[in-house]
Undergrad: 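What follows is a structure written as C-alpha cells; I'll ask about it next.
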Amino acid sequence: MRILVTGGAGFIGSTVVRALVAAGHEVLVLDALLPAVHPSGAAPALPDGVEFRHGDVRDRAAVEEALAGVDAVCHQAAMVGLGLDLDDAPAYAGCNNLGTAVLIAAMARAGVRGLVLGGSMVVYGEGRYRCPEHGDVSPGPRHPDTLDAGRFEPPCPECGAELRPGLIAEDAPADPRNVYAATKLAQEHLAGAWARACGGRLLTLRYHNVYGPGMPRDTPYAGVASLFRSALARGEAPLVFEDGGQRRDFVHVRDVAAANLAALDAVGDRAPGSVRAYNVGSGEVRTVGEMAGALAHAHGGPTPVVTGRYRLGDVRHITADSSRLRAELGWRARVGFADGMVEFAAAGGGGGGRPGRRAGGGAAPPARGAP
C-alpha cells in the first residue's frame with residue numbers, strides 16, 4: 001500500500017514509518033517540522049525511498065497534494081501535553097481538531113477510505129476503579145487541599161472508601177479531564193463522523209505511556225520517562241511526583257509502531273463506515289516510582305527523589321487492557337519493561353524545545369505541592 005503518515009518526522013511517527021517500510025509499504029510523510037519539535041528545522045533521517053513533504057495538516061492544499069495516490073492514512077500529527085493552561089486551548093484545538101477536520105475533509109474528496117488514528121488513553125480520564133461496596137465507580141475531581149495533605153489515592157465518590165485500581169478497556173466511558181484529553185476525544189469523534197458519512201474505515205489506537213529511543217528530551221509526552229532520563233544525563237536525581245505510586249502502562253515505541261502496522265494491514269478489510277478503538281499497552285502494570293528506579297539503576301544513579309508535588313491535571317492510575325488488540329489484530333508487546341528501560345537509559349534523545357509539543361505550541365502545566 002501507499003500510506004501517508006502525518007507527523008511522520010516525529011518520535012512515534014518516524015518509528016511507524018520505519019516499520020511500514022520494513023514491511024514493504026510505500027510511505028509518504030507530511031510534517032510541519034515546527035521549531036518546538038525540530039529546533040534545527042530539518043527532517044530526521046528517514047529510510048530510503050520515503051517521500052517527505054514539508055507541510056501542515058491544517059493546510060488544505062498541502063494535505064490534498066499529499067493524498068494523491070494514497071491508499072490509507074496513518075494520522076500521528078498532534079500537539080501533546082496536559083493542556084492545563086486554558087490560554088493554550090486554541091492551539092490544542094487548532095492542531096488536533098482543525099488539523100484532523102482538514103485531513104478528513106480532504107480524504108472524503110480524494111476517496112481515501114482507510115484511516116488509522118494515533119489516539120491516547122487520556123480520553124478515559126482516570127482509570128478503572130472498584131469500590132468494595134459500590135462496584136465500578138468514577139472518582140471525582142482532584143482537590144488541592146487533599147493533595148497538599150499527601151492523600152493521593154482517589155476515594156469512592158459514594159462512601160469515601162479506598163478504591164481498587166484495575167485495567168481499563170475500550171468500552172469504558174470517556175471522561176477527558178484536561179484540554180489535551182478533550183481534543184484527543186474530539187479527534188476520535190471527527191474521524192468517526194467521517195467514517196460513517198462517507199463509508200470510511202477507522203481504527204483508533206489509544207496509546208498508553210509510550211517511551212523509547214528517539215523520544216524528545218524534556219517533554220512530558222508519554223509520561224515522565226524522558227524527564228527522568230534527562231535529569232540522569234545531567235547527573236541529577238529524577239524528581240518523582242506524588243508518592244511515586246501512580247500506576248501506568250509503559251509501552252515501547254517499537255511495539256506502538258507494530259500496532260500501527262497491524263492496524264493498517266487490517267483497515268482495508270473492515271466494513272465501510274466501521275469504527276473501532278484499541279488500547280495499546282504493554283500489559284505490565286508499573287508505578288512511576290518503579291520506572292524512575294529502573295532508569296536510575298540502568299543509568300548508574302542518582303537515586304530518584306520522591307517530592308510529594310503534583311499536577312491537578314494528572315490522573316492517579318491508568319493502565320490498559322489491551323486484550324482486544326491482541327485478539328483481533330494478532331498484536332502483542334514484545335519489549336519487556338526491564339529490557340526497554342535499559343535500552344532507553346542508554347539511548348540518545350531527540351529534539352529539544354518547549355515541553356509538551358509534537359506538532360504545535362503549548363507547555364507543561366506548573367506543579368504544585370511540596371518542593
Undergrad: Of all the heavy-atom pairs spanning P47 and V21, show the shortest one and how long it is.
TA: CB-CG1, 4.0 Å
Undergrad: Going only through I, L, V, M, F, W and Y residues with side-chain contacts under 4.5 Å, is there a path from V137 to I318?
TA: no
Undergrad: Kindly determine whether H189 and N97 satisfy side-chain hydrogen bond (donor to acceptor under 3.5 Å, both in side chains), including the steps that lead there.
TA: CA-CA 10 Å; H189 289 319; N97 302 147; over 6 Å; no
Undergrad: Under a 4.5 Å side-chain heavy-atom rule over Ile, Leu, Val, Met, Phe, Trp and Tyr, are F337 and V342 clustered together?
TA: no
Undergrad: Members other than L117 in its cluster, when Ile, Leu, Val, Met, Phe, Trp, Tyr link by side-chain heavy atoms under 4.5 Å?
TA: L4, L28, L30, V57, V63, L67, V70, V73, L98, V102, L103, I104, M107, V112, L115, L190, W194, L202, V275
Undergrad: Any idea which heavy atoms bring V122 and Y180 closest together, and the distance?
TA: CG2-CE2, 3.8 Å
Undergrad: Looking only at the side chains, is there a donor atom on one of D249 and S282 sitting less than 3.5 Å from an acceptor on the other?
TA: yes
Undergrad: Ignoring hydrogens and geometry, is there a side-chain-to-backbone donor-acceptor pair from R229 to A347 under 3.5 Å?
TA: yes
Undergrad: With the threshold set at 4.0 Å, does a side-chain nitrogen-carboxylate oxygen contact exist between D339 and R334?
TA: no
Undergrad: May I ask you to test the F241-Q246 pair for a side-chain heavy-atom distance under 4.5 Å?
TA: yes
Undergrad: Return yes if some donor-acceptor pair links the side-chain N/O of S322 with the main-chain N/O of L325 below 3.5 Å, else return no.
TA: no
Undergrad: State, with a plain yes or no, whether a side-chain heavy atom of P173 is found less than 4.5 Å away from one of S138.
TA: no
Undergrad: Tell me, do V285 and L167 make a side-chain contact under 4.5 Å, heavy atoms counted?
TA: yes
Undergrad: Hey, are the side chains of D255 and V280 touching, using non-hydrogen atoms and a 4.5 Å cut-off?
TA: no
Undergrad: Determine, for E188 against R206, whether the closest basic-nitrogen to carboxylate-oxygen distance falls under 4.0 angstrom.
TA: yes
Undergrad: If only side-chain N and O atoms count, and only distance matters, is there a donor-acceptor pair under 3.5 Å linking R316 with Y129?
TA: no
Undergrad: Under the ring pair (Phe, Tyr, Trp, His ring centres under 6.0 Å) rule, collect the residues that match up with H75, sequence neighbours excluded.
TA: none
Undergrad: In terms of hydrophobic clusters joined by side-chain contacts under 4.5 Å, are L46 and V5 together?
TA: yes
Undergrad: Minimum heavy-atom separation for E284 and G336, please, with both atom names.
TA: OE2-CA, 3.5 Å
Undergrad: Could you check, using the six-membered ring where one of them is a Trp, whether H252 and Y211 have ring centers closer than 6.0 angstrom?
TA: yes
Undergrad: Heavy atoms only: give me the nearest K184-G118 pair and the separation to one decimal.
TA: NZ-O, 2.8 Å
Undergrad: Can L163 be reached from Y124 by stepping across I, L, V, M, F, W or Y side chains whose heavy atoms are under 4.5 Å apart?
TA: no
Undergrad: Using side-chain heavy atoms (C-beta onward) and a distance below 4.5 Å, is P302 in contact with E236?
TA: no
Undergrad: For the residue pair F152 and L147, establish whether any side-chain heavy-atom pair is separated by less than 4.5 Å.
TA: yes
Undergrad: In sequence, state the C-alpha distance, the side-chain angles, and the governing distance for N279 and R324, and then conclude on side chain to side chain contact (heavy atoms under 4.5 Å, CB included).
TA: CA-CA 8 Å; N279 284 330; R324 176 186 290 183; over 6 Å; no
Undergrad: Would one find more than 12 heavy atoms of other residues, nucleotides or ligands at under 6.0 Å from atom CZ of R164?
TA: no
Undergrad: Take L205 and N260 through the test side chain to side chain contact (heavy atoms under 4.5 Å, CB included) and record every step on the way to the result.
TA: CA-CA 8 Å; L205 301 177; N260 277 272; 3.6 Å; yes
Undergrad: So, for A292 and P238, which heavy atoms are closest and what is the spacing to 0.1 Å?
TA: CB-CB, 4.5 Å
Undergrad: Does a side-chain heavy-atom distance below 4.5 Å link Q76 with Y207?
TA: yes
Undergrad: For residues F52 and V17: do they belong to one hydrophobic cluster (side chain heavy atoms under 4.5 Å, members Ile, Leu, Val, Met, Phe, Trp, Tyr)?
TA: yes
Undergrad: Determine, step by step, whether H208 and T319 satisfy the side chain to side chain contact (heavy atoms under 4.5 Å, CB included) criterion, reporting the C-alpha distance in whole Å, the side-chain angles of both residues, the deciding distance to 0.1 Å, and the verdict.
TA: CA-CA 8 Å; H208 283 248; T319 52; 5.7 Å; no
Undergrad: Provide the closest heavy-atom pair for A77 versus Q187 in the form atom of the first, atom of the second, distance.
TA: O-NE2, 4.1 Å
Undergrad: Is it true that N178 and Y92 share a donor-acceptor pair across their side chains at a distance under 3.5 Å?
TA: no
Undergrad: Would you check if the side chain of R142 reaches a backbone N or O of R311 as a donor-acceptor pair within less than 3.5 Å?
TA: yes
Undergrad: Could you check whether atom CD of E162 has more than 12 heavy atoms from other residues, nucleotides or ligands sitting under 6.0 Å from it?
TA: no
Undergrad: Any non-hydrogen side-chain atom of M341 less than 4.5 Å from a side-chain atom of R286?
TA: no
